[in-house]
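Step one of this worksheet: look at the structure below.
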Amino acid sequence: GNSVTQMEGPVTLSEEAFLTINCTYTATGYPSLFWYVQYPGEGLQLLLKATKADDKGSNKGFEATYRKETTSFHLEKGSVQVSDSAVYFCALSNGGDYKLSFGAGTTVTVRA
Amino acid sequence: SQTIHQWPATLVQPVGSPLSLECTVEGTSNPNLYWYRQAAGRGLQLLFYSVGIGQISSEVPQNLSASRPQDRQFILSSKKLLLSDSGFYLCAWSVSPPTDTQYFGPGTRLTVL
């Protein structure tokens, strides 16, 4: 079956630090991969996605590259801000019904 | 534009009491609808999804049920809540036929005491 494993948190960083959140997946075929973000008190928002191998998704300074050879989709940002404090979820969809399988989430706190 | 609403935003219920959470979507027709639960310290788990009125698929056996009485209304229910039902419940929608993007509501935080 499909599964997503992501780096456990919590992660605490200073402003302007480099952020990496690791995500690996297990799936047959060619899943689509996603990063969702959940800001405090809110629902999930799609941050970025990639639908095929070697695609790079990017948004708001965040990037992630679909690596089929390592079954990974690591999230990176070069210089984080306090407003990036949130819970980040890696997810995949694989199949015609497009149901999502999520990782456990990584809580990121950025301090000024 | 499309919007998705959930209510209530927070709920505290005693064990054994009934539950009804509501989700509505505006600005689209015949969406696919989803209920997820986020338990403390865990990721999101898909509970139910629906491709149309009265069509519900359950992903995991549990104490909960779902109904879709109208095209853009999705309800999550329980007759008797358990402590383990506590969590953050999220409704989501996607266009139909579904694409790989789902749009999430603000969520309902349920505490069962």
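In what follows, every chain begins at residue 1, and chains take the letters A, B, ... in the order their sequences are listed.
- For the pair B/Thr108 (side chain) and B/Pro8 (backbone), a donor-acceptor distance under 3.5 Å is present.
- In this structure, no portion of B/Gln6 lies under 4.5 Å from any heavy atom of chain A.
- Tracing side-chain contacts under 4.5 Å through hydrophobic residues (I, L, V, M, F, W, Y), one reaches A/Val37 starting from A/Leu92; they form part of the same cluster.
- For a heavy-atom cut-off of 4.5 Å, chain B lies close to A/Lys49, A/Thr51 in residues 47-78 of chain A.
- Close approach to chain A, defined as a heavy atom under 4.5 Å from one of its heavy atoms, is seen in B/Phe88, B/Leu90 of residues 76-92 of chain B, taken by number.
- A continuous path of ILVMFWY side-chain contacts below 4.5 Å connects B/Trp35 to B/Ile56, so both sit in one hydrophobic cluster.
- Proximity to chain B is absent for every atom of A/Glu8, based on heavy atoms less than 4.5 angstrom apart.
- Looking only at side-chain heavy atoms (C-beta outward), A/Val108 and A/Tyr88 come within less than 4.5 Å of each other.
- Note on ring orientation: taking the six-membered ring where Trp is involved, the planes of B/Tyr36 and B/Phe104 are tilted (angle from 30° to 60°).
- Transitive grouping of hydrophobic side chains (ILVMFWY, heavy atoms separated by less than 4.5 Å) brings A/Val4 and A/Trp35 into a common cluster.
- Of the atoms belonging to B/Leu46, it is side-chain heavy atoms, and not backbone ones, that fall under 4.5 Å from chain A.
- A donor-acceptor contact closer than 3.5 angstrom is absent between the side chains of B/Glu26 and B/Gln2.
- Using modelled atom types, one side-chain atom of B/Arg68 and one backbone atom of B/Ser50 make a donor-acceptor pair closer than 3.5 Å.
- Both the backbone and the side chain of A/Leu44 come within less than 4.5 Å of a heavy atom of chain B.
- With a 4.5 Å cut-off on side-chain heavy atoms, A/Tyr36 and A/Val87 do not count as touching.
- Screening residues 102-112 of chain A for side chain to side chain donor-acceptor pair (under 3.5 Å), with sequence neighbours left out, gives A/Gln6-A/Thr106.
- Below 4.5 Å, heavy atoms of chain B meet no heavy atom from residues 13-25 of chain A.
- The backbone N or O of A/Ala27 sits nowhere less than 3.5 Å from a side-chain atom of A/Asn2 that would complete a donor-acceptor pair.
- A continuous path of hydrophobic side-chain contacts links A/Tyr39 to A/Val80 [ILVMFWY only; heavy atoms under 4.5 Å].
- Side-chain contact between B/Leu113 and B/Val15 is absent, with no heavy-atom pair separated by less than 4.5 Å.
- B/Trp93 and B/Tyr103 have their aromatic ring centers within a separation under 6.0 angstrom.
- One hydrophobic cluster, built from ILVMFWY side chains closer than 4.5 Å, holds both B/Leu47 and B/Leu11.
- Of the two parts of B/Glu59, only the side chain, counted from C-beta on, holds a non-hydrogen atom closer than 4.5 Å to a non-hydrogen atom of chain A.
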